[in-house]
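Presented below is the structure to which this report refers.
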Amino acid sequence: MYLDADDEKILAGEQGETRQKMLELLVALGKVFGAERLVPIRSAQVSGASYKTIGEYGLKWLSSLNAKAVVPAVLNPIGMPRLRWKEMGVDEAFAEKQQAVVAAYERLGISLECTCTPYYLRETSYGDHLAWSESSAVSYANSVIGARTNREGGPGALAAALIGKTPCYGLHLAENRKPQVIIRVQADTRDWSIAHFGALGYHTGKLVGNRIPFFSGIGPDTDQLKALGAAMAATGAVALYHVEGVTPEAVKVSYDLSGLETIPVESDDIVRLFKDLPVEAVAVGCPHCSPAELASIAVLLDGKLVTKPLYVFAAQGVIDKNRDLVGTIEMSGARVFADTCMVVSPVMEQYSSIMVNSGKALAYVPDMCGAKARIGTIEDCITVATE
Ligand code: F3S
């Protein structure tokens with residue numbers, strides 16, 4: 001694997017032990033995956049941030065590192081809101097450990113924006129090379145923006161943030177971004193909601209596994225694409241997909257689709273996932289809400305009061321820029337929390353059933369929170385939370 005003179009100095013330990021070890025990790029990864037070189041990255045998004053997932057061992061490892069990020073880097077959602085954890089009902093012992101994890105990342109120069117939607121906070125453009133971790137963010141970057149990132153593990157993304165480069169293999173290379181299976185949606189999707197596209201992702205992720213799907217017959221907007229990709233990354237391992245006439249590479253690159261397997265999807269495959277089920281709480285914002293999603297929730301909640309807990313999750317930067325909408329939502333008794341989500345926060349484990357408008361949450365809530373999950377449109381979610 002080619003390394004430049006600066007890399008060689010880092011490997012020789014001239015810039016400290018942490019940077020040496022981090023570059024060793026990137027070189028080892030590169031060798032495993034056959035990378036010929038490292039590629040400079042525009043940004044990193046680092047998973048392994050929730051104390052619920054990394055535990056004491058992860059905290060100890062982070063605390064032992066000593067270097068600073070050299071590219072903009074954010075964190076994945078953590079187990080609680082950094083500012084309003086008491087209000088969310090997080091217990092003090094957990095909060096103390098979570099704060100220690102956050103402090104360890106801050107010391108490493110990672111910005112304390114804890115979100116799976118870093119693309120709302122930092123400009124990310126077509127063709128950018130990135131080292132992002134969280135599966136829905138990876139899917140959005142690759143598919144909706146046309147940037148290039150593999151799905152990094154937490155240590156790989158952290159190493160890339162501290163070195164500013166990542167091994168150039170997998171989805172960093174154009175030849176690995178071609179469609180591998182066609183999904184032909186045979187349904188009238190013009191009235192489909194974000195939740196319907198999440199359900200489409202839930203269904204198709206199971207069918208395609210880790211292949212790169214090429215969708216035809218749909219025309220989703222960016223929030224719907226976000227939901228589609230997040231769910232496919234959850235029930236499958238899809239890190240990149242294309243939508244005919246919609247996603248940037250499907251528009252700019254003329255892919256040869258001949259000989260690919262075609263899988264039909266019908267309306268019934270999706271509609272059957274929308275089951276009626278009594279729920280104890282409602283949670284929306286998986287992935288974290290866009291400004292447009294906050295606006296639609298605010299409109300639906302305006303003048304109403306919630307009758308059961310309603311959690312809304314969004315990036316702190318998105319909340320800060322949309323204080324009016326957040327104010328309207330919270331007037332209803334709902335709470336808009338940053339930095340965390342219904343899957344990584346231990347608080348959600350108190351409920352035995354949760355309603356969501358996300359295909360990804362539909363897939364993860366049962367295992368991660370031990371609760372039954374019901375999917376509905378955002379309108380259904382607000383109706384259930386206020387009835
Ligand atoms: Fe984001 Fe949590 Fe969903 S990290 S994609 S809100 S499971």
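When a ligand or atom number is given, it counts from 1 through the structure's own listing order. When reading the values below, keep in mind they use all heavy atoms of this one structure, side chains included, and skip hydrogens, waters and symmetry mates.
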* Show your working on salt bridge (charged side-chain N to carboxylate O under 4.0 Å, His left out) between Glu113 and Arg122 and close with a plain yes or no. => CA-CA 11 Å; Glu113 288 149 346; Arg122 299 261 161 71; 3.3 Å; yes

* Asked: Considering only heavy atoms, does Cys286 approach ligand 1 within less than 4.0 Å through its side chain, its backbone, both, or neither?
  ->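 It is both parts that get close, each with some atom under 4.0 Å.
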
* Asked: Can you tell which part of Met342 has a heavy atom less than 4.0 Å from ligand 1: side chain, backbone, both or neither?
  ->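 Looking at Met342 and ligand 1, no heavy atom falls under 4.0 Å.
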
Go through ligand 1 atom by atom and flag the ones less than 4.0 Å from a non-hydrogen atom of [X].
X	result
Pro77	4 (S)
Val343	7 (S)
Cys341	2 (Fe), 4 (S), 6 (S), 7 (S)
Glu134	5 (S)
Gly285	6 (S)

* Asked: Which atoms form the tightest heavy-atom contact between Ser353 and Ala371, and what is the distance?
  ->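 In terms of heavy atoms, the two residues are closest at N-CB, 3.9 Å.
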
* State, to 0.1 Å, how close Thr149 and Ala141 come at their nearest heavy-atom pair, and which atoms those are. =>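 In this case the closest contact between Thr149 and Ala141 is CG2-CB, 4.1 Å.
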
* Tyr120 ring center within less than 6.0 Å of His288 ring center ->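 So the answer is no for these two rings.
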
* To do: Establish, from distance only, whether the side-chain atoms of Trp132 and Ser47 form a donor-acceptor pair under 3.5 Å.
  =>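 Per modelled atom types, Trp132 and Ser47 side chains form no pair under 3.5 Å.
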
* Asked: With a 3.5 Å cut-off and no angle check, do the side chains of Glu280 and Ser352 form a donor-acceptor pair?
  ->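 Ser352 and Glu280 do have a side-chain donor-acceptor pair below 3.5 Å.
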
* May I ask you to check if any N/O/S atom from Cys116 comes under 2.8 Å of atom 2 (Fe) of ligand 1? =>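 No, outside the cut-off.
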
* Asked: Once you round to the nearest 0.5 Å, how far does OG1 of Thr18 lie from NZ of Lys68?
  ->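 Between atom OG1 of Thr18 and atom NZ of Lys68 there are 11.5 Å.
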
* Work out whether the distance between some heavy atom of Ala361 and some atom of ligand 1 is less than 4.0 Å. =>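 So Ala361 does not count as touching ligand 1.
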
